[in-house]
Number of protein chains: 2
Amino acid sequence: MTSYREKKVITIGVVHELTGLSERKIRYYEERGLIFPARSKKGTRKYSFSDIEALMNIADQREEGVQTDEIKRDMMKKKNSKQIREELRRGQLNAHFNMRKP
Amino acid sequence: MTSYREKKVITIGVVHELTGLSERKIRYYEERGLIFPARSKKGTRKYSFSDIEALMNIADQREEGVQTDEIKRDMMKKKNSKQIREELRRGQLNAHFNMRKP
DNA sequence: CGTGTAAGGAATTCTGACACG
DNA sequence: CGTGTAAGGAATTCTGACACG
């Protein structure tokens, strides 16, 4: 629960220092729905270590010429299969089906 | 090694949001040698989650009227006994003594 | 001793836009 | 499509100091 990895506390400047990505790129990848920083009360973006890891992956793929669309589709796939696995693990596949035909 | 807990990446404003402590207090506890934020290239302070935990402890003790001097002495003690335990665990007590009379 | 505050400057972040390819 | 950049404003952070108790 005290997952430091997921806590949104890092400003864009520090993310830039850590990843080497320009702030422009970082904001653009958000615009394309690849990352989801939180906002402080005053509106500045706040990222988690997890976001930073995601950005490194994105950067790698971009270098290989992969477009943001495709990166996003890939991420969705992984997210979905991860969720399926999760449901199986909990033995809640039934609940899942019940949800589809109530 | 990828210890997110120890990475100095959080600005003072976010530390304020997270702890409720005024920036003045946060800077003052640094001045008294209770915490050691890093600095970005441009000179802004950067804190770790670990620093934030320390600040919460400090805040608790200050509320009980404990002075920063004493808080510091306490921290030193704990740090020392922790280090001793560490050395014992590694079986390096000898090295420790060798260091005292070379 | 510990903390608030006003002061002035420097650095940060934000948005919307234009440019290029 | 992906990224750079100049623009102007708003918010952040820094230091050194004065105040109070």
Side-chain angles (χ1 to χ4, degrees), chain A residues 7-76, chain B residues 7-76:
Chain A
K7 278 218 136 194
K8 310 264 187 181
V9 295
I10 308 176
T11 57
I12 197 166
V14 176
V15 174
H16 160 66
E17 285 180 20
L18 260 33
T19 61
L21 295 172
S22 69
E23 301 187 2
R24 181 68 166 95
K25 286 183 181 177
I26 298 169
R27 293 198 191 97
Y28 182 68
Y29 299 148
E30 172 185 2
E31 193 181 316
R32 303 317 314 268
L34 300 180
I35 48 172
F36 305 92
R39 295 276 178 150
S40 74
K41 293 158 198 167
K42 298 302 181 56
T44 72
R45 274 167 264 250
K46 296 195 295 186
Y47 303 82
S48 65
F49 283 111
S50 175
D51 290 328
I52 287 174
E53 289 176 8
L55 282 169
M56 316 265 267
N57 278 324
I58 294 166
D60 286 348
Q61 296 188 64
R62 283 296 302 126
E63 274 188 39
E64 292 165 20
V66 186
Q67 294 194 328
T68 55
D69 274 34
E70 217 174 325
I71 298 176
K72 179 159 190 180
R73 277 195 291 276
D74 264 40
M75 286 178 51
M76 298 304 264
Chain B
K7 278 217 136 196
K8 310 263 187 183
V9 295
I10 309 176
T11 57
I12 197 166
V14 177
V15 174
H16 160 65
E17 284 180 22
L18 260 33
T19 62
L21 294 171
S22 69
E23 300 186 3
R24 181 67 166 97
K25 285 182 181 178
I26 298 170
R27 294 199 190 96
Y28 182 67
Y29 299 148
E30 173 186 2
E31 194 181 315
R32 302 317 312 268
L34 300 180
I35 49 173
F36 305 91
R39 295 275 178 151
S40 74
K41 291 159 199 167
K42 297 301 182 58
T44 70
R45 274 167 263 250
K46 296 195 293 187
Y47 302 84
S48 64
F49 283 111
S50 175
D51 290 328
I52 288 174
E53 289 176 8
L55 282 169
M56 315 265 266
N57 278 324
I58 294 166
D60 287 348
Q61 295 188 65
R62 282 295 302 125
E63 275 188 39
E64 292 167 18
V66 187
Q67 295 196 327
T68 54
D69 274 32
E70 218 174 325
I71 297 177
K72 179 159 190 182
R73 277 196 290 276
D74 264 41
M75 286 178 53
M76 298 304 264

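The basis for the numbers below is simple: all heavy atoms, side chains too, and nothing from hydrogens, waters or symmetry mates. Just so it is clear: chains get the letters A, B, ... in the order the sequence lines come, proteins before strands, and each one is counted from 1.
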**Message:** If you assign A:K46 and B:V66 each to the DNA chain C nucleotide with the nearest heavy atom, which residue ends up on the more 5' nucleotide?
**Reply:** B:V66

**Message:** Partner lookup for D:dT15, please. Criteria are Watson-Crick or G-U wobble with both distances under 3.5 angstrom; report none if nothing qualifies.
**Reply:**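 Here D:dT15 is engaged in a pair, and the nucleotide opposite it is C:dA7.
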
**Asked** According to the Watson-Crick and G-U wobble definitions, with both distances under 3.5 Å, which nucleotide is paired to D:dG2?
**Response**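 D:dG2 is paired, partner C:dC20.
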
**Item:** Check against side chain to side chain contact (heavy atoms under 4.5 Å, CB included), A:L34 and A:K72
**Value:** CA-CA 6 Å; A:L34 300 180; A:K72 179 159 190 180; 3.5 Å; yes

**Message:** In the structure I gave you, are the side-chain heavy atoms of A:K46 and A:V9 within less than 4.5 Å of one another anywhere?
**Reply:** no

**Message:** So if I define the base as every atom that isn't primed, P, OP1 or OP2, how would nucleotides 3-9 of chain C read as a B/S/- string at a heavy-atom cutoff under 4.0 Å?
**Reply:** BBB----

**Asked** Can a side chain N or O of A:T11 be found less than 4.0 Å away from OP1 or OP2 on C:dT13?
**Response** yes

**Prompt:** Would one find a side-chain N or O of B:R45 under 4.0 angstrom from OP1 or OP2 of D:dT13?
**Reply:** no

**Item:** Donor-acceptor contact below 3.5 Å, side chain A:D51 vs main chain A:S48
**Value:**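 Yes: the side chain of A:D51 pairs with the backbone of A:S48.
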
**Prompt:** So, does A:T19 use its side chain to make a donor-acceptor pair with the main chain of A:V15 at under 3.5 Å?
**Reply:**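 Checking the backbone N and O of A:V15 against the side chain of A:T19, a donor-acceptor pair under 3.5 Å is found.
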
**Prompt:** Considering only side-chain heavy atoms of A:K42, which listed nucleotide, C:dG2, C:dT15, D:dT12, is closest?
**Reply:**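 Of all the options, the side chain of A:K42 is nearest to D:dT12.
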
**Prompt:** Which of these nucleotides, D:dG2, C:dT15, C:dG2, is closest to any side-chain atom of A:R27?
**Reply:**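 Nearest listed nucleotide: C:dT15.
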
Measure [atom1]/[X] against [atom2]/[N] and give the value in whole Å, please.
| X | N | atom1 | atom2 | value |
| --- | --- | --- | --- | --- |
| B:I26 | D:dT12 | CD1 | C1' | 13 Å |
| B:L21 | C:dG2 | CG | P | 14 Å |
| A:E31 | C:dC14 | CD | C1' | 13 Å |
| B:E17 | D:dT13 | CD | P | 9 Å |

**Request:** Verify side chain to side chain contact (heavy atoms under 4.5 Å, CB included) between B:Y28 and B:T68, making sure each step is shown before the conclusion.
**Result:** CA-CA 10 Å; B:Y28 182 67; B:T68 54; 4.2 Å; yes

**Cationic N near anionic O, under 4.0 Å, A:R27 to A:E31** = no

**Electrostatic pair B:K41:A:E17 at N-O distance under 4.0 angstrom** = no

**Request:** For B:Y47 and for A:D69, locate the closest nucleotide of DNA chain D by heavy-atom distance; then report the residue assigned to the nucleotide nearer the 5' terminus.
**Result:** A:D69

